[in-house]
Structure formats: C-alpha cells, structure tokens
Amino acid sequence: MAEVKINDLMEKIVSLCKRRGFIYQSSEIYGGINGFWDYGPLGSELKRNVRELWWQAMTRFRDDIVGLDATIIMHPKIWEASGHVSTFADPMSTCKVCKKLIRTDQVWEIINDSEWGRTLSGFFSNGALDEEKLLQWVHHRGHRQVPGLALVKNPNEVVKALKSAIAGNKDLSPQEFFKIIATNPSAYTSLITPCPYCGGELTEPRMFNLMFKTHVGPVADEENVAYLRPETAQAIFAQFKNILETSRQKIPFGICQIGKAFRNEVTPRNFTFRSREFEQMELEFFIRPDEVVEKLAGKVAKWSEGADVSQPQPDWGWEMWHRHWVEERVKWYESIGLSRDTFELYWQQKEELAHYARACVDIQFKFPFGTQELEGIAARGDFDLTQHQKFSGKSMEYFDEEAKARYVPHVVEPSAGVDRLVLALICNAYSEDEVPDESGKLEQRVVMRFHPRVAPIKVGVFPLLKNKPQLVQKAKEVREMLRPYMSVFYDEAGAIGRRYRRQDEAGTPFGVTIDFDTLGETNSLKDTVTVRDRDTLKQDRVKIDELVHYLMERIK
RNA sequence: GCGGGUGUGGUUCAAUGGUAGAACGCGGGCUUCCCAAGCCUGAGACGAGGGUUCGAUUCCCUUCACCCGCUCCA
C-alpha cells in the first residue's frame with residue numbers, strides 16, 4: 001500500500017488532480033480565484049457518480065423519500081427565519097500587537113473571564129481603586145499576562161488618568177475601566193478596546209459576512225437585496241407544504257435535494273475541502289414528535305448499545321430515527337469504497353450543539369491534513385418548520401390521520417458535502433505501489449484505487465497495436481458494444497503498458513485488450529479478449545459475448 | 001484579515017540584469033508492443049500589473065494564487 005510522507009501527500013494529490021483532469025483552479029488563466037475550483041473531465045464524472053449514487057440510495061431504493069430541486073436565490077425572509085442573517089455576519093477585530101483575530105462582540109466576555117480581567121476588576125470595586133495592589137500586580141503578573149496593556153507599559157500615567165476618571169465619575173463601568181487601563185493617555189485622544197490576550201490595541205471592527213449578497217432586478221439598492229443560499233436545506237422547509245400536498249407521502253417521510261451552496265468563508269483552505277462555492281446533498285426526514293409516537297404506540301423506543309436500527313418501527317422517536325440515519329449513511333459510505341476504518345463518528349457534546357439541536361453526529365474522514373467532517377447528521381426537532389411558520393404566517397402543521405393529531409413535524413437531517421466527499425474519495429484512492437516493467441525491474445506506479453461504482457471511467461479498450469486495422473476495428477466494435485452500459489475510454493496511442501498506466505492514474509478498474517488471439521491467431525482463443533485488473537494486475541481471458549456481463553458484475 | 005514561505009512548459013526541477021534548459025508527460029511517425037521499451041519528430045513556460053534600467057524571468061513596488069500558522073467553520 002501507499003508509503004507516502006504525509007507532508008507531501010496532499011501536494012502529490014493536488015498535482016495528480018490537475019495532471020489527470022480531476023480538479024483545476026477556477027479561472028486559472030487569470031491567476032485563479034480563492035476558494036473556487038473546477039472539475040475537469042475525470043472529476044466531473046467522479047462527482048456525477050457520487051451524486052447519482054446518493055440520489056439512487058435516497059429516492060430509487062426507498063419509497064419514503066422524494067426529491068426537490070429548488071433555486072439558489074430565494075426570498076430573503078427565508079434567511080431571517082433560519083437565523084442565517086443574524087448569525088452569519090460577525091464583527092471581527094485584529095489585535096495590532098499580537099495579530100490575533102477576534103470576534104469583537106466576544107471581547108468583553110473573554111476579558112471578564114480571563115485571569116487578568118478578574119484580577120483587575122477585583123482592585124476596583126464600589127468606585128474605589130486599590131492603587132497599591134494594582135501597581136504590585138503590574139510589576140509581577142502584568143508583564144507576563146498582558147504585556148501589551150498600557151497600564152503595564154506605562155503605569156504612572158495610566159493610574160493618574162484612571163484616578164481622574166474615577167474622580168469625575170464614581171460609577172465607572174467595567175468596560176470603561178478596562179478601556180482606560182488599556183489606553184496610553186499621552187498617545188491617544190480616544191479610549192481603546194484592549195485585546196483579551198495581550199492587552200494591545202484592537203482594530204476597528206470589520207463585518208465578516210458569510211453570505212454572498214446580490215440584488216434581484218436591475219437596480220441595486222437595499223430594497224432588493226437577496227442572498228445566494230448558504231445551505232440547501234431551507235428550501236426543503238420552505239416547500240414542505242407543497243410537497244406534502246402533491247407527493248401523497250405520510251409522516252414519517254423525507255425530502256432530499258442536491259445543489260450548490262455558497263459561503264464567504266474567512267479562509268478557504270485544504271484544496272477543495274473548504275470552498276466558497278460548493279455542493280450539498282441534504283435530506284430532511286420528517287418524523288412524529290415523541291409525544292405523538294407515545295400516544296400511538298404506547299411507548300417511545302429507547303436506544304441502547306446494540307439496538308437494531310435497520311428497520312423503522314412505529315414506536316421510534318427522534319433518537320431511534322437519528323440512530324437509523326447514522327447507520328444508513330455509514331453503510332452508504334462503505335458502499336462507495338470508504339471502509340469503516342477511514343472515517344470516524346464524532347458525537348457532538350451537549351455544549352457544542354446549536355440551541356435547537358438535540359443531537360448531532362459528524363461523519364469525519366481521515367484526510368491527509370486531518371480528520372475532518374464529511375457529513376453532519378442532526379436531530380433538529382421542529383425548529384426550522386416552526387421558524388418558517390412564524391416568519392411566513394403560514395401553518396406548517398401536519399394532520400396525522402392515524403394519531404388524529406395536528407402537529408409540526410420534527411426532523412432528522414443528514415447533510416453531506418459533495419465536494420468534500422469527492423476529495424475524500426480521491427485521497428482514499430491515491431496509492432503508490434511497485435510493478436515489474438518488461439525486464440522484470442520494479443517500477444513505481446501511481447494508481448487511483450476507486451471503487452468501481454464511483455470510478456470515472458469503468459473500462460479502457462485497447463487494440464494491442466494501432467497499425468493493424470483488424471485490431472483497431474475489432475477494438476472499436478468492442479467499445480461500441482460496451483458504451484450503452486458504462487463509461488468507456490478507447491486508447492490506441494503508445495505501448496500497451498503505457499496505456500495501462502495512464503488508466504491506473506485515472507482509476508479505471510478494468511482494461512480490455514484486443515490482440516492477435518482475438519482475431520483467431522490461436523484458434524481456441526478466437527473472439528476472446530484479455531481483461532486486466534487495475535489492482536491485482538491479473539489478466540482474465542474473456543469471451544467477447546460474455547464481456548458485458550463479466551464487467552457489469554464487477555462494477556454494479 | 002494578520003504573520004511566514006512559494007510562484008519558470010501539463011508535472012517536477014535548473015540557470016540567468018542581455019528574453020530560458022532538462023526529465024517525465026503530451027502530439028505525429030516506425031516497430032506481432034501485454035505492464036511508462038527503443039528510434040525519428042513536433043508543440044509547449046518565466047502568475048499579473050507597474051517601476052528602475054539601453055535592456056528585467058532575475059532588482060524594487062503593488063496585486064493575485066498556493067502552502068504553513070493564527071482565526072473562522074453558523
């Protein structure tokens with residue numbers, strides 16, 4: 001298997017992606033654009049396969065999930081209801097001394113919780129200052145804890161300013177107090193906000209807006225501001241009623257969607273892992289609230305280690321459904337070639353959960369640059385539908401015939417990133433091994449070991465020689481024969497070994513070669529071809545008549 | 001957004017104040033060619049913009065992108 005230094009591995013993968021046409025930088029001829037990536041010929045096939053397999057698993061193989069394909073730009077109220085307008089814009093400041101980036105709205109909280117903040121507050125209470133202790137602290141702890149603080153750098157002047165401020169205003173607030181001790185009176189005309197980590201001066205807050213903004217209609221003014229969706233999920237909630245009316249589904253059922261989303265990330269990093277334009281595959285699975293389940297089934301099933309969550313049961317509440325979806329999703333990842341040991345399940349702790357979430361599991365893949373999230377599976381209660389009910393004034397309630405009850409459904413949300421998954425598949429597939437060349441000497445080989453289900457090209461078809469018309473013609477016949485069933489790549493250029501290697505880097509699992517035996521040079525082998533396996537390098541002699549079946553068995 | 005590093009054919013690298021070389025890869029040709037063989041042959045680069053200079057890929061400034069760290073990841 002791969003013996004690759006972690007440090008170089010990502011660089012090798014990035015360069016292979018470009019060399020073989022998986023992923024290019026967007027707008028590269030103009031110098032590229034930060035956070036945007038394009039998929040080339042092989043990458044687009046790979047990504048298409050991923051989407052296709054997810055969609056099939058969600059809709060075609062289940063009766064209880066239907067699809068949606070909604071617009072990227074939606075009514076701006078949607079993002080007010082979802083909370084994105086308020087939570088996606090953060091004021092940020094940078095410390096001019098220690099260069100840390102800090103959310104401005106958290107500065108005072110961090111100072112109040114800090115050791116130096118608590119200590120200094122202690123010296124100033126009820127409008128009285130303990131000057132002696134203060135100066136003692138400056139000379140001992142202060143230099144170490146907050147070297148950038150004006151009080152530490154210039155204690156005499158700052159204490160003077162502090163005393164005159166106290167004299168003028170007995171009810172100095174903690175913030176005013178901290179601002180004064182952070183400001184060097186001779187160097188500044190106004191008070192500064194101190195950095196919680198070093199006491200240095202913070203820059204003016206700047207807004208970091210994570211949503212892309214645009215305008216609907218030709219005139220760009222505040223009236224017609226709209227946003228590119230930062231997630232696909234909200235469209236599902238917004239269309240919940242329509243789908244309920246038209247799909248003849250009953251709760252529990254799900255709505256799924258694949259589509260682009262946009263986030264103005266502060267720092268896009270790690271190749272395509274965190275991009276500003278990306279694609280999501282999301283399912284919202286609507287279930288009965290636990291009270292309704294209890295009323296109908298008499299109890300709500302409790303989850304315990306080893307419980308069977310494979311087949312939905314009438315007594316399942318949100319917890320069992322959540323477990324069910326975790327299991328379903330894990331199985332799906334395994335089905336496309338990510339073995340269980342390549343990822344981890346991370347159960348978010350109570351204090352990490354968003355206020356409306358009851359549980360959230362991250363499925364994390366072990367990338368070369370760290371273990372990172374591919375998918376989050378959250379139990380979100382009825383938060384989203386209730387919010388849209390509130391903001392739109394339209395009822396989101398469902399009338400449950402069986403329970404004779406009206407309620408806002410609860411939801412379990414498996415939400416996956418397509419681009420992250422494609423990157424994970426690429427990282428997972430990349431390997432280097434050694435194969436013997438024609439003289440038997442071992443040579444290094446780069447091979448993408450994609451699962452045949454996701455491989456961009458399923459089979460390469462090669463005439464052994466391109467200057468023998470009979471070989472070429474037969475090879476083209478075989479190509480035409482296979483085309484309706486799978487993606488085929490025909491190649492006649494270069495030595496046969498070279499063509500095999502080219503397909504190894506593309507991750508093509510099978511190579512079919514038409515040789516002189518195919519044409520009948522050895523009578524018993526007439527109308528047979530060799531099928532070369534990417535991973536084992538073994539060759540099978542297969543009758544052309546049986547080739548479709550042979551390959552379909554192995555790529556399905 | 002801050003700090004550090006890096007930008008030369010598709011990829012990986014080299015050299016140089018007088019406009020660039022290689023290896024591999026790619027295209028064409030020859031070869032009964034099954035794991036990147038050989039021979040012939042062809043195409044292809046100084047991230048972008050400005051400045052200094054007679055002349056800049058090289059020096060300076062700006063900018064863009066990538067990598068590492070900080071931060072962010074609802």
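Computed from a predicted structure; not experimentally measured. Chain letters run A, B, ... following the sequence lines, proteins first and then strands; every chain starts at 1.
The interatomic distance linking A:Arg499 (CZ) with B:C34 (P) rounds to 10 Å, in whole Å. Between the P atom of B:U71 and the CG atom of A:Asn264 lies a distance of 20 Å, rounded to the nearest Å. The CD atom of A:Gln25 sits 15 Å away from the C1' atom of B:G10 (whole-angstrom rounding). Distance A:Arg19 CZ to B:U12 C1': 9 Å, rounded to the nearest Å. Taking atom CZ of residue A:Arg501 and atom P of nucleotide B:A36, one finds them 5 Å apart after rounding to whole Å. Distance CZ (A:Arg445) to P (B:A36): 11 Å, rounded to an integer number of Å. Regarding A:Ile23, its CD1 atom lies at a distance of 16 Å from the C1' atom of B:U11, rounded to whole Å. Spacing between atom CG of A:Leu210 and atom C1' of B:C72 amounts to 8 Å, rounded to whole angstrom units.
Checked against B:A36, B:C66, B:C35, the side chain of A:Glu443 finds its nearest nucleotide in B:A36. Taking the side chain of A:Ser15 as heavy atoms from C-beta on, and the options B:C72, B:U12, B:C35, the nearest nucleotide is B:U12. Distances from the side chain of A:Ala495 to the nucleotides B:U32, B:C35, B:C33 place B:C33 closest.
With hydrogens and angles left out, the side chain of A:Thr267 and the base of B:G1 share a donor-acceptor pair within 3.5 Å. Evaluation of atom-type donor-acceptor distances gives no pair under 3.5 Å for the side chain of A:Tyr30 against the base of B:C64. Below the 3.5 angstrom threshold, one finds a donor paired with an acceptor across the side chain of A:Arg269 and the base of B:G69. Side-chain to base pairing of A:Arg532 with B:C35: one donor and one acceptor N or O lie within less than 3.5 Å of each other.
For an aromatic pair to be called close, the ring centres must be under 6.0 Å apart, and A:His388 with A:Trp79 fails this. Within the 6.0 Å centre-distance limit, the rings of A:Trp321 and A:Phe285 are counted as a close aromatic pair.
Straight-line distance between the C1' atoms of B:G38 and B:G44: roughly 24 Å, to the nearest whole Å. Between B:G42 and B:G4, the distance separating the two P atoms is 47 Å to the nearest Å. B:G69 and B:G21 have their P atoms separated by 39 Å, with the value rounded to a whole Å. Taking atom P on both nucleotides, B:U16 is separated from B:C70 by 37 Å, rounded to a whole Å. Remark: the separation of the P atoms in B:G1 and B:U62 is 15 Å, to the nearest Å. Taking the P atoms as reference points, B:U11 lies 15 Å from B:C66, given to the whole Å. With both ends at atom P, the span from B:U32 to B:A14 equals 42 Å, rounded to whole Å. The gap from the P atom of B:A65 to that of B:C60 amounts to 22 Å, rounded to the nearest Å.
B:G7 is paired with B:C64 under the criterion used here, namely a Watson-Crick or G-U wobble arrangement in which both key atom distances are under 3.5 Å. Look at B:A36: it lacks any Watson-Crick or wobble partner with both distances under 3.5 angstrom. With a cut-off of 3.5 Å on both Watson-Crick or G-U wobble distances, the partner of B:G1 is given as B:C70. When both pairing distances are held under 3.5 Å, B:G18 makes a Watson-Crick or G-U pair with B:C54. When both pairing distances are held under 3.5 Å, B:G25 makes no Watson-Crick or G-U pair with any nucleotide shown.
Looking at A:Tyr500 and A:Thr513, their side chains do bring a donor and an acceptor atom within 3.5 Å of each other. A donor-acceptor contact closer than 3.5 angstrom links the side chains of A:Thr232 and A:Glu282. In summary, the side chains of A:Tyr490 and A:Glu492 do present a donor paired with an acceptor at a separation below 3.5 Å, with no hydrogens or angles considered. Side-chain atoms of A:Thr522 and A:Asp517 include a donor-acceptor pair closer than 3.5 Å.
A salt bridge does not link A:Glu432 to A:Arg445: none of the charged side-chain nitrogens sits closer than 4.0 Å to a carboxylate oxygen.
Listed for the A:Thr71 side chain is a donor-acceptor partner under 3.5 Å among the backbone atoms of A:Ile73.
Backbone-only engagement by A:Phe271 is indicated by non-hydrogen atom pairs under 4.0 Å involving sugar-phosphate atoms exclusively. Note on A:Glu521: a base of the nucleic acid sits closer than 4.0 angstrom, heavy atoms only. Residue-level contact check: A:Lys466 touches the backbone only, with heavy atoms under 4.0 Å from sugar-phosphate atoms and none from bases. Using a 4.0 Å heavy-atom cutoff across all strands shown, A:Asp515 reaches at least one base atom of the nucleic acid.
Judged by closest nucleotide on RNA chain B, A:Leu537 is the one of A:Leu537 and A:Arg420 placed further toward the 5' end. Across the interface with RNA chain B, nearest-nucleotide mapping of A:Glu231 and A:Val14 shows A:Val14 to be the residue nearer the 5′ end.
Phosphate contact (OP1/OP2 of B:C34, side-chain N/O of A:Arg498, threshold under 4.0 Å): absent. For A:Asn34 and B:C64, the shortest distance from a side-chain N or O to OP1 or OP2 is not below 4.0 Å. Checking the phosphate oxygens (OP1, OP2) of B:U31, a side-chain nitrogen or oxygen of A:Asn467 falls inside 4.0 Å.
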